[in-house]
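Here the structure comes first, spelled out in structure tokens, and everything after it is commentary.
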Amino acid sequence: LLVSLRIRQLALPYMQAFADREHGSVSMGMRSGSLMVYVETCRSHDSLVFRPDVGGAIPMVSTAMGRAWLAAHSAGARDKLLAELRAHDPGGWRAHRTATLEELRAFSERGFCISRGDFQAEVHAAAVPLASVVDGEVLALNCGAPAVLLGADGLVSRIGPRLVALARTIDEAWAKECRDARV
């Protein structure tokens, strides 16, 4: 799977530059059941709090990445997915329902979702889905950083908007690569 997911290699230098600039971890993930699985990840050298690795799995409803992945779908498809998640993990749904639904609503205004320590208390994250559907899969990018580095509004004012721009850059580079491959 990872070898055939060529967008990973294309995105890697952009993701690493972002991780270094923001002093965090940047990952690309895809859905596997009720989880998001990292298919690529980059860390800044001083990112000690959260060190994700390829193959690592995180829950959907408590993470920015899972919320962004859900936000990429139509309301009908999303409602069905949320019902599946609720049935699969009722306790997790109860704990994160309010934040998840708030982030899905906020996505339409700002273009990204956040998690303020919902998955790991000391780590805050922002995430955005890629517009490109690759091999039938919706992918999402996230950036997690120590909460102390972000300040009160660093996720919303800095990380989220920059992550939207990163996703746009990767989507454009992917579209160009796909066009060039057809020539």
Side-chain angles (χ1 to χ4, degrees), residues 1-60 63-74 77-78 81 103 107-108 110-115 119 123-146 149-150 154-156 158-183:
L1 170 71
L2 293 177
V3 170
S4 68
L5 203 57
R6 291 186 354 247
I7 195 169
R8 293 174 48 245
Q9 292 84 13
L10 180 137
L12 194 60
Y14 300 111
M15 292 169 60
Q16 186 64 59
F18 192 99
D20 290 341
R21 185 175 61 249
E22 299 301 336
H23 308 286
S25 298
V26 177
S27 299
M28 179 184 291
M30 62 192 300
R31 178 184 181 215
S32 178
S34 64
L35 302 170
M36 294 299 294
V37 176
Y38 293 124
V39 296
E40 191 57 79
T41 192
C42 300
R43 295 179 285 275
S44 72
H45 296 292
D46 54 352
S47 178
L48 301 174
V49 175
F50 186 54
R51 300 185 63 81
D53 204 357
V54 171
I58 57 174
M60 290 187 80
T63 62
M65 181 182 276
R67 294 167 182 170
W69 187 91
L70 288 164
H73 294 79
S74 69
R78 188 171 44 249
L81 291 162
E103 286 307 308
F107 178 83
S108 63
R110 62 182 182 219
F112 59 91
C113 294
I114 63 171
S115 170
F119 177 57
V123 177
H124 291 187
V128 61
L130 290 175
S132 304
V133 176
V134 180
D135 296 334
E137 298 289 340
V138 172
L139 301 169
L141 296 172
N142 76 349
C143 178
L149 293 179
L150 295 173
L155 278 177
V156 174
R158 190 178 82 240
I159 301 293
R162 290 179 181 175
L163 202 56
V164 169
L166 173 65
R168 190 175 306 122
T169 298
I170 293 170
D171 281 326
E172 289 169 359
W174 180 248
K176 181 184 181 317
E177 181 162 310
C178 290
R179 280 191 309 273
D180 292 349
R182 283 187 241 137
V183 175

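Predicted model only: the values in this text are computed from it and were never measured.
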Do you know which two heavy atoms are closest between [X] and [Y], and how far apart they sit?
X    : Y    : value
I159 : F18  : O-CZ, 4.0 Å
A11  : I170 : CB-CD1, 3.7 Å
S27  : T41  : OG-OG1, 2.7 Å
S44  : D20  : CA-OD1, 3.5 Å
A126 : L163 : O-CD2, 3.2 Å
M28  : M15  : N-CE, 3.7 Å

Pairing residues for [X] by the salt bridge (Lys or Arg N to Asp or Glu O under 4.0 Å) criterion, not counting sequence neighbours:
X    : result
E177 : R6
R168 : none
R158 : E22

With [X], which residues qualify under side chain to side chain contact (heavy atoms under 4.5 Å, CB included), at least two apart?
X    : answer
A17  : none
A173 : L10, Y14
A125 : A64
L81  : R31, W69, L70, H73, E84

Qualifying residues under side-chain hydrogen bond (donor to acceptor under 3.5 Å, both in side chains), relative to R110, sequence neighbours excluded
E103
With the side chain counted from C-beta on, respond yes when [X] and [Y] share a heavy-atom pair under 4.5 Å apart, and no when they do not.
X    : Y    : value
S115 : T63  : no
R67  : F107 : no
C42  : L12  : yes

Backbone N or O of [Y] within a donor-acceptor pair of the [X] side chain at under 3.5 Å?
X    : Y    : value
E40  : V54  : no
D171 : L130 : no
S74  : A77  : yes

